[in-house]
Engineer: 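Input: one structure, supplied below.
Values below: all heavy atoms of this structure, side chains included; hydrogens, waters and symmetry mates excluded. The chains referred to below are lettered A, B, ... by the order of the sequence lines, with proteins before strands, and numbering in each begins at 1.
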Amino acid sequence: MKRRTRQQLEKVAVITESPDDCRRTWDAVEYIMEPLEERYDVTRISVLDTDPKNGKAATKTEIKNARDDVIGAIAGFKYVVIVGNTPLQVITGKAGISKLRGRPIKQDGHIFLPMNNPGIIRHDDKQETLLNADLQFFDDMVKFGGIPEAKDLHFRIVMSDDDVEEMIADLRGAVSYDIETTQLYPWQTQKLNDRTGEWELNPEPKIVSLGFGTARNQWCVPVNHPQSPWTQDEVEEMMDRITEKRDDFFLIAHNGKFDLLWTWVHLGVKWELDFDTMLAHFLLDENMRHGLKYLAQVYCGAPDWEIDLTEKQGMNVPLKKHCKYLAHDLYYTRKLRYVFGKMLKDDWEVKRVFDKIMMPCANLFVEIEYDGVFIDMDQFGEAEEVLREQYEAALAELEEWEPDHYVKKNGDVYYFKDARRKNDPTRFNWGSTDQLRWLLFDHLGIEPLDKTDAGGYSTSESVIKRLDHPCTEALLRFRAAKQQLSFFIDGWKPFLHQQSRGFYLHPSFKLHGTVTGRLSCEHPNLQQVPRDPRIRSLISAEKGWTLIQCDLSQAELRIAAELAREPAMIHAFTHGIDVHWLTAIREIERGGGLKDLVIGTACRIKGKNDMRYADAIQVLLEVGHEVATEVEKEWKEYRKKAKAVNFGYLYGMWWKKFKIYARDNYGVNVTDEEAEASRTTFFDNYAALPAWHKRQKKYARRHGFVKSLSGRKRRLPEAKHADDTPERRAAERQAINSPVQSFANEVNLMAAIQLRKEYGRNVVKICGTVHDAVLFRVRNDMVEEVYTRMLEIMQWPDLMDEFDIEMVVPIEADGDLGPWGKSISLEKARKVADIHKLSVGQLLDKYPVSAIQEQWKEAA
DNA sequence: ATTGTGGGCGCG
DNA sequence: AAAGCGCGCCCACAAT
């Protein structure tokens, strides 16, 4: 019986790296060999005769030598599974399993299917889904008798007026939408020609095609493809007609923010997206990747339909092939919506985050990116000039210590006068960490102070500051100027977009950018603009408008206090005491230090000659850091220090790191004992924190995830591990940090959504969010109203009630107006406006914020 | 010529 | 025994 069954099984070969791989070792057998052996007559072939020593990868020679044997061994097998990178290299001669896995390779009469080595599951159990998808695909392939063709689906290329009518009539129910474009940034930019010194326009970005996926068809409209019959006007007219029908269908897209932004910029119609499959999947599993093809493979068993980038960009590809690709995008986007829709239904809390925060944000950020941020080009030019001077000056000073040669890590000697390097061919490169490392620690013989993660000697700012050598000061100036130039001057130029009212940047926000739910930002990254006013104030507003920044004050600390139910913190927040200040004073009190400063400041505040230490501490706590700082400037530094301490300890920092922090940021050398005591004191002062930490760890360990107040999940599979590994520790720290970081960001997003809801784009243009702050421009006549209202909104956005959130700790918000980094408070603006007998709006129309600041100083 | 990685550093 | 979290960008250098 058994024998007969076996003969009917298809013969397949499995190539592994070594004899032990996937056979005797751990759990891999269960993942690959057993499922295959159930269905096939499996022959296993290994590339190497024995396991590589010490778990090392096979060498190139070994791979080369193994080739003939392996090729011989698979003779007669049509279907071959490749397990891991080494066998892949043997067969294809190329590495890159992560890119090639899941994609069948036809070669010499065989069909190979590369997949990951199941050992990866030990490090990342998410990989199990992928492995199963690959095995499933292998089954499909064998059943089909070859590589399953990318399906023709039912794609229709819209070429005639009749097609248009039919398409528009078909737009009902759930409709997916996708476009193909020539590039990613939808605005035309310019670049400086190095030879002529002239500004030249970059190629015009274009929509190549767009399409709609319905229940029966995938409609593909060629827009700028050479074979397109349509003019720009005709396409726009088509889109207008669809806009009129927009309420008749449910719009789905994968990363729809991209498609809708382009559609708005290039075709003039602005649509609201109903369901974003990428964002849905992000909420369902933030640890996985969210690419359409990957998800279609994993959740729908889709074949690979990827084509070359140039073909996607459409110009040199037959229209039919291009549209077939688009059709697959449309088909699987629509399919994934049902899969993820169902998964969301099973988790109402996550669904609520999706419906009320994620999708509204997806639509909001289309507008945010469309409006962009205004750049003050006069300041931009000035900043560039100043930074170039600083850069040149620092470099000139460094010349004194430039060596004529450099010994590379491998021992090669490198003479600069002979070398041909990209920028300055004959010069020592101070920007190269390798060269600098050699110069400082080998050539000059300075004692290295720290190592990098990879084990080399570090040349970080922290180290250089502590080195006793005359070059260090200029070196730090060199690095700072170089970085600011390359990040924010040269780095921004390729994104500057000229419009009638001036130049704009359009940073792109990734709503799925971080595992906690914070957004990330790129092209360029608005969220890493230095606080240095020279750079930050480049971001401003066009004439007649004013930039406003509103931020949640100490949001994370407030949320932590709430979650931990920490009495001392809650008391501080409900009584308007600054927690960073509280920490600073308690820390000083613990050591009984700074007697002169503490008593001196308190006496001057109270107008007394002497006071007991304990009483003085009490006075300082009561008056707050602002009053204390007015009397004695030093207090500002102590508060700043405490701020870092608060966050560090709150999220699990250990005293050793505190030592490093104190040294690098405050030049204070704390002893081990002092550092340990500081941590102990922190948890004595905030005694409910350890219990909260414990609760979070326990919860994560039991469930494998934690939740924020909104119900958003952070999945932490490592927290479930039985052994106390560094990975589990890391997961436990994230279990503490994540709900706090998540929720602070969510409050901020709720506020941004509401701001847009209450004011139209003719009054407010939102520029972006920076985790706990919203940046927006307001028409001058509305500045007072919008600013005041936004602070109210931030303190308790309406969505907080919709989520049934209750908090005992009050949320507070703060803000200011004017160029970023050179802004003033509304109070100041009001005072100056009163002097002129003007409204704040009129004042802002009449004077730049810098002048208002000056006038306020004179008046005060 | 492109692609990947480490080092360093900007932000919250 | 060992312990903040979350990002993106630019450069240099090595590898493909």
Side-chain angles (χ1 to χ4, degrees), chain A residues 60 89 93-96 98-99 286 408-410 414 421-423 429-437 450-464 476 479-480 482-492 494-495 507-510 512-532 535-536 551-552 554-556 560 643-658 660-661 679 682 693 697 714 724-742 744-745 748 769-773 821:
Chain A
K60 275 187 187 165
Q89 281 173 277
K94 273 193 239 170
S98 56
K99 265 200 177 158
E286 74 286 353
K408 290 172 90 167
K409 275 181 284 191
N410 60 12
Y414 204 86
R421 300 178 69 78
K422 245 191 197 162
N423 296 325
N429 186 351
W430 290 93
S432 158
T433 46
D434 283 354
Q435 295 188 25
L436 184 62
R437 183 177 299 133
D450 235 331
K451 290 194 172 181
T452 65
D453 289 340
Y457 293 134
S458 167
T459 61
S460 68
E461 186 177 326
S462 154
V463 168
I464 289 173
L476 289 175
R479 268 197 185 164
K482 182 184 158 120
Q483 202 208 22
Q484 293 209 338
L485 269 177
S486 62
F487 273 45
F488 307 106
I489 303 295
D490 296 331
W492 281 4
F495 300 106
S508 174
F509 292 83
K510 268 196 198 149
H512 61 297
T514 81
V515 286
T516 60
R518 272 190 181 183
L519 314 188
S520 70
C521 180
E522 57 188 6
H523 306 144
N525 183 351
L526 184 73
Q527 297 175 328
Q528 62 170 171
V529 178
R531 308 187 82 182
D532 179 346
I535 302 290
R536 199 165 258 215
D551 53 87
L552 300 165
Q554 301 154 45
E556 289 199 17
K643 188 173 171 179
V645 170
N646 274 338
F647 285 117
Y649 288 150
L650 181 66
Y651 296 136
M653 183 174 68
W654 205 241
W655 60 265
K656 278 198 175 171
K657 183 133 186 194
F658 170 71
I660 296 167
Y661 186 86
R679 189 170 186 280
F682 180 85
H693 285 189
K697 289 178 191 177
R714 170 79 181 100
D724 187 8
T725 57
E727 289 77 23
R728 195 181 89 182
R729 293 289 177 140
E732 287 172 348
R733 289 193 297 277
Q734 290 175 51
I736 294 162
N737 170 277
S738 198
V740 180
Q741 199 184 96
S742 279
N745 170 64
N748 197 54
T769 60
V770 191
H771 312 310
D772 60 2

Engineer: May I ask you to say what A:Lys482 touches in the nucleic acid, namely base, sugar-phosphate or nothing, with a heavy-atom cut-off under 4.0 Å?
Structural biologist: sugar-phosphate
Engineer: Just by modelled atom types, is the A:Ala744 backbone N or O under 3.5 Å from a matching donor or acceptor in the A:Arg518 side chain?
Structural biologist: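 Not a single qualifying donor-acceptor pair exists.
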Engineer: Are A:Ser432 and C:dC13 close enough that a side-chain N or O sits under 4.0 Å from OP1 or OP2?
Structural biologist: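 Answer is yes, contact under 4.0 Å.
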Engineer: Of all the choices, C:dG6, B:dG8, C:dG8, which nucleotide is nearest to the side chain of A:Gln741 once you look at every atom?
Structural biologist: C:dG6
Engineer: A:Asn429 and A:Gly431: which non-hydrogen atoms are nearest, and at how many Å?
Structural biologist: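 Taking every non-hydrogen atom into account, OD1-N, 2.7 Å.
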Engineer: Can you find an N or O donor on one side and an acceptor on the other, under 3.5 Å apart, linking the side chain of A:Arg518 with the base of B:dG12?
Structural biologist: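 By the distance-only test, yes, there is a pair.
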Engineer: Nearest whole Å is fine: how far is C:dG6 P from A:Glu522 CD?
Structural biologist: 19 Å
Engineer: So, is A:Ser458 near the phosphate of B:dG8, with a side-chain N or O under 4.0 Å from OP1 or OP2?
Structural biologist: yes
Engineer: For DNA chain B, which residues in residues 729-737 of chain A have a heavy atom at a distance below 4.0 Å?
Structural biologist: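 Residues of residues 729-737 of chain A under 4.0 Å from DNA chain B: none.
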Engineer: Using a 4.0 Å heavy-atom cut-off, does A:Val740 contact any base of the nucleic acid, only the sugar-phosphate backbone, or nothing at all?
Structural biologist: nothing
Engineer: With no angle test and no hydrogens, is the base of C:dC9 tied to the side chain of A:Gln528 by a donor-acceptor pair under 3.5 Å?
Structural biologist: no
Engineer: Rounded to whole angstroms, how far apart are CD on A:Gln435 and P on C:dC11?
Structural biologist: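 Between P of C:dC11 and CD of A:Gln435: 15 Å.
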Engineer: Is the phosphate of C:dG8 approached by A:Ser520 (side-chain N or O, under 4.0 Å from OP1 or OP2)?
Structural biologist: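 A:Ser520 to C:dG8 OP1/OP2: side-chain N or O found under 4.0 Å.
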Engineer: Please name the pair of heavy atoms, one in A:Leu519 and one in A:Asn745, separated by the smallest distance, quoted to 0.1 Å.
Structural biologist: N-OD1, 4.3 Å
Engineer: Taking atom P of B:dG7 as reference, at what distance in whole Å does atom CD1 of A:Ile464 sit?
Structural biologist: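 The answer, rounded to whole Å, is 15 Å.
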Engineer: Which nucleotide in the set C:dC9, B:dG12, B:dG6 lies at the smallest distance from any side-chain heavy atom of A:Phe487?
Structural biologist: C:dC9
Engineer: Using a cut-off of less than 4.0 Å, is there contact between a side-chain N or O of A:Thr516 and OP1 or OP2 of C:dG6?
Structural biologist: no
Engineer: Apply side-chain hydrogen bond (donor to acceptor under 3.5 Å, both in side chains) to residues A:Gln741 and A:Tyr651 and explain how you reach the verdict.
Structural biologist: CA-CA 11 Å; A:Gln741 199 184 96; A:Tyr651 296 136; over 6 Å; no
Engineer: State which of C:dG4, B:dG8, C:dG6 makes the closest approach to the side chain of A:Tyr651.
Structural biologist: C:dG4
Engineer: Who does C:dG4 pair with, Watson-Crick or G-U, both distances under 3.5 Å?
Structural biologist: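 With both distances under 3.5 Å required, C:dG4 matches none.
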Engineer: Over all heavy atoms of both residues, which pair between A:Gln484 and A:Ile535 is shortest? Give the atoms and the distance, please.
Structural biologist: OE1-CG1, 3.5 Å
Engineer: Can you check the A:Arg679 CZ to C:dA2 P distance for me, whole Å?
Structural biologist: 15 Å
Engineer: From C-beta outward on A:Ala454, which listed nucleotide comes closest to its side chain: C:dC10, C:dG4, B:dG6?
Structural biologist: B:dG6
Engineer: Would you indicate, yes or no, if B:dG12 has its OP1 or OP2 atom less than 4.0 angstrom from a side-chain nitrogen or oxygen of A:Arg531?
Structural biologist: yes
Engineer: What contact category does A:Asp724 fall into here, base, sugar-phosphate, or nothing, at under 4.0 angstrom with non-hydrogen atoms?
Structural biologist: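 Base contact.
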Engineer: Taking all atoms of both residues into account, what is the closest heavy-atom pair of A:Arg679 and A:Trp655, and its distance?
Structural biologist: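 The pair with the smallest heavy-atom distance is CD-N, 4.0 Å.
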Engineer: Above 12 or not: heavy atoms from other molecules or residues under 6.0 Å from CG of A:Asp453?
Structural biologist: no
Engineer: Give a yes or no answer on whether the side chain of A:Arg437 reaches the backbone of A:Tyr457 with a donor-acceptor pair at less than 3.5 Å.
Structural biologist: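 Judged by distance alone, yes, a pair lies under 3.5 Å.
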Engineer: What's A:Arg536 touching, base or sugar-phosphate or nothing? Going by heavy atoms closer than 4.0 Å.
Structural biologist: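 The residue A:Arg536 makes sugar-phosphate contact but no base contact.
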Engineer: Does B:dC11 have OP1 or OP2 under 4.0 Å away from a side-chain N or O of A:Asn525?
Structural biologist: no
Engineer: Using whole Å, what does the distance between atom P of nucleotide C:dG8 and atom CG of A:Leu519 come to?
Structural biologist: 11 Å
Engineer: Is the phosphate of B:dG8 approached by A:Arg479 (side-chain N or O, under 4.0 Å from OP1 or OP2)?
Structural biologist: no
Engineer: Nearest whole Å is fine: how far is B:dC11 C1' from A:Lys643 NZ?
Structural biologist: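 The answer, rounded to whole Å, is 12 Å.
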Engineer: Of A:His771 and A:Gly652, whose nearest nucleotide on DNA chain C comes first from the 5' end?
Structural biologist: A:Gly652
Engineer: Quickly work out the A:Gln484 CD to C:dC11 C1' distance and round it to whole Å.
Structural biologist: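 Taking CD of A:Gln484 and C1' of C:dC11, I get 16 Å after rounding.
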Engineer: Base, sugar-phosphate alone, or nothing: which one does A:Thr459 contact when heavy atoms must sit under 4.0 Å apart?
Structural biologist: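 Sugar-phosphate contact only - A:Thr459 comes under 4.0 Å of backbone atoms but never of a base.
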Engineer: Atom OG1 of A:Thr769 and atom CG of A:Asn748: how far apart are they, to the nearest 0.5 Å?
Structural biologist: 6.0 Å
Engineer: Rounded to whole angstrom units, what separation is found between the CG atom of A:Leu526 and the C1' atom of C:dC9?
Structural biologist: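 It is 14 Å, rounded to the nearest whole Å.
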